[in-house]
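Structure first, then comments.
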There are 2 protein chains.
Amino acid sequence: MFVRITTDPAPRPHSLNDLGMTSDSNPMVSLNEFTYKKGNEIYGEKEPAEYIYQVKSGAVRSYKLLSDGRRQIGAFHLAGDIFGLENGSSHRFTAEAVVDTTVRLIKRQSLETVAESDAVVARNLLRMTTTNLQHAEDHMLLLGRKTSLERVAAFLIEMDKRLTAAGVLALPMSRRDIADYLGLTLETVSRAISRLHELGILGFVGNTQRQIVLLDRQQLANLDLQN
Amino acid sequence: MFVRITTDPAPRPHSLNDLGMTSDSNPMVSLNEFTYKKGNEIYGEKEPAEYIYQVKSGAVRSYKLLSDGRRQIGAFHLAGDIFGLENGSSHRFTAEAVVDTTVRLIKRQSLETVAESDAVVARNLLRMTTTNLQHAEDHMLLLGRKTSLERVAAFLIEMDKRLTAAGVLALPMSRRDIADYLGLTLETVSRAISRLHELGILGFVGNTQRQIVLLDRQQLANLDLQN
DNA sequence: CGTACGATTGAAGTGTGTCAACATTTGTGG
DNA sequence: CCACAAATGTTGACACACTTCAATCGTACG
């Protein structure tokens, strides 16, 4: 089911324009596109970072693995987000398509070359890195100190802000993905969502539970303690 | 109060030289010093960020609080470290002196002014922010997915790398600080250290347990799974 | 339409938290 | 420098939030 957003002049967070680069203004910078099937790897941890990416459509998870398979997802990247922006020459996460996903690519080196001479690009690069840092800092608080209900509430609020269309949260990622993002098990995530449903804080579209309706954002925000 | 930096050729991690700024090369940038007593606040979360800081001696903790008092320490800043480098105009952590601590101050605005025209300063600013981001990313994995023993092992390895003098770890921070850094309780930290002692992985100087000797770094590294 | 995958729910287990007692160290004032 | 008080650290017993294991259900998609 498609929801058509007619005109979208709204400035998205982390658009390529934020870098001060478009194919128009910088014909040197190539903006290629590529599509990944659900579950496919976009790049692996410790691989050399040749490109940075912007999600055109779909969703991406960035994660680290421990040697025994435990996984921590550091971030989900949704439409408009830029990811793969590492410093140093290699990626610090593995990135995979959560669903079929189309991304734009920018050669990392060309970006750095531009940044060297263009203060605007350099500053925006810094601002984006800082935004990522800020997200990581907030997530440390969540992972270190919040209860399962607070984590799930925070997650729903975050997703609500980022991908709500028509008041419905159509989460592209599985319970396992959510769990690995929140430092929980998928069962605990499921139980927390059930509990929020019982509490009347959220509802579902139809009988499926993939599409969530937030009925009481205020109560949800109260569950996730202010930091 | 002005402090003249005489000669400091030693390349510290994150020294002010890394910013490409010394009082010699940039007489515009003032390098003041200030000393904080143990436990005193250096700046508070959401306060306007006027300065950035470099630890001259001592140690600093940066943390966030939930409204009910739960605390997550995001980082410890030791001699040589630069902290308080936020983007946006306000601090995202509260910073406190763990012990009596002397810091150097740099006016944030003057730094940004220099960065605007000096690509070297700008790049180093980005590099330092990226280093912070990298630490936060690794810490998310620890907080989300590691056991208490793995966390404490990782902590000891980190501190060993950063402040070992003469093979002895003299931790400046309390068990509570360590716990709030690792997302545990102080009792769990204490038990983990006792366990590492029983396992022969670490010992103590004298009868006190404030000074820790790492007897088997290899075994300690094995406990903290590679990521 | 059936098979497979993901989600939910229940029951039982466990790692870490909580509460409490005691030990040790640090700080303070005489 | 000692004596005491206060703060910090250790250890034990018990509690509980979350995990683990397992069964069932629902939905998607060949």
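Everything quoted here is computed from the prediction, not taken from an experiment. In what follows, every chain begins at residue 1, and chains take the letters A, B, ... in the order their sequences are listed. All values below were derived from every heavy atom in this structure, side-chain atoms included, with hydrogens, water molecules and symmetry-related copies excluded.
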Would you find a donor on one side and an acceptor on the other, under 3.5 Å apart, between the side chain of [X] and the backbone of [Y]?
| X | Y | value |
| --- | --- | --- |
| R145(A) | L184(B) | yes |
| T101(B) | Y36(B) | no |
| R104(B) | Q54(B) | no |

Quick one: [X] [atom1] to [N] [atom2], roughly how many Å, whole number?
| X | N | atom1 | atom2 | answer |
| --- | --- | --- | --- | --- |
| I212(A) | dA7(C) | CD1 | P | 11 Å |
| L143(A) | dC18(D) | CG | C1' | 15 Å |
| K38(B) | dT26(C) | NZ | P | 9 Å |
| I193(A) | dG6(C) | CD1 | P | 16 Å |
| R195(A) | dC18(D) | CZ | C1' | 12 Å |
| K146(B) | dT16(C) | NZ | C1' | 18 Å |

Legend entry - Among K38(A), K37(A), R61(A), salt bridge (charged side-chain N to carboxylate O under 4.0 Å, His left out) partner for E96(A):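 With E96(A) as partner, salt bridge (charged side-chain N to carboxylate O under 4.0 Å, His left out) holds for just one option, R61(A).
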Inset, instruction - Name every residue in residues 180-189 of chain B that has at least one heavy atom under 4.0 Å from any atom of DNA chain D, in order of residue number, or write none if there are no such residues. - result: L186(B), E187(B)
Inset, instruction - Describe, in one word, how the ring planes of Y53(B) and H91(B) are oriented to each other, choosing from parallel (under 30°), tilted (30 to 60°) and perpendicular (over 60°). - result: tilted
Legend entry - Closest non-hydrogen atom pair between L143(A) and G144(B), with its separation: CD2-CA, 4.1 Å
Inset, instruction - Strictly below 4.0 Å, heavy-atom distances to any atom of DNA chain C: list the hits from residues 170-179 of chain A, or just say none. - result: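 Contacting residues: S174(A), R175(A).
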Inset, instruction - State whether S194(B) places a side-chain N or O below 4.0 Å from either non-bridging phosphate oxygen (OP1 or OP2) of dT11(D). - result: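 It does, given that an N or O in the side chain of S194(B) lies less than 4.0 Å from OP1 or OP2 of dT11(D).
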Inset, instruction - Not counting sequence neighbours, which residues clear salt bridge (Lys or Arg N to Asp or Glu O under 4.0 Å) with K161(B)? List them please. - result: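 Here no residue qualifies.
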Inset, instruction - Any pair with a residue in residues 176-196 of chain A that passes ring pair (Phe, Tyr, Trp, His ring centres under 6.0 Å), sequence neighbours left out, goes on the list, sorted by first then second residue, please. - result: F76(A)-Y181(A), H139(A)-Y181(A), F155(A)-Y181(A)
Legend entry - Carboxylate-amine/guanidinium contact K56(A) E33(A), below 4.0 Å: yes
Legend entry - N/O donor-acceptor pair, side chain R191(B) with base dG9(D), under 3.5 angstrom: no
Inset, instruction - Using side-chain contact (heavy atoms from CB on, under 4.5 Å) as the criterion, point out the one residue from R70(A), R71(A), K64(A) that pairs with D180(A). - result: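 Single pass found, and it is R71(A).
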Inset, instruction - Enter the inter-axis angle for the ends of the helix from dC1(C)-dG30(D) to dG30(C)-dC1(D) (five pairs per end, rounded to 10°). - result: 50°
Could you pull out all donor-acceptor pairs under 3.5 Å where a side-chain atom in residues 187-195 of chain A meets a protein atom, sequence neighbours excluded?
residue	atom	partner	partner atom	Å
T188(A)	OG1	T185(A)	OG1	3.0
S194(A)	OG	S190(A)	O	3.1

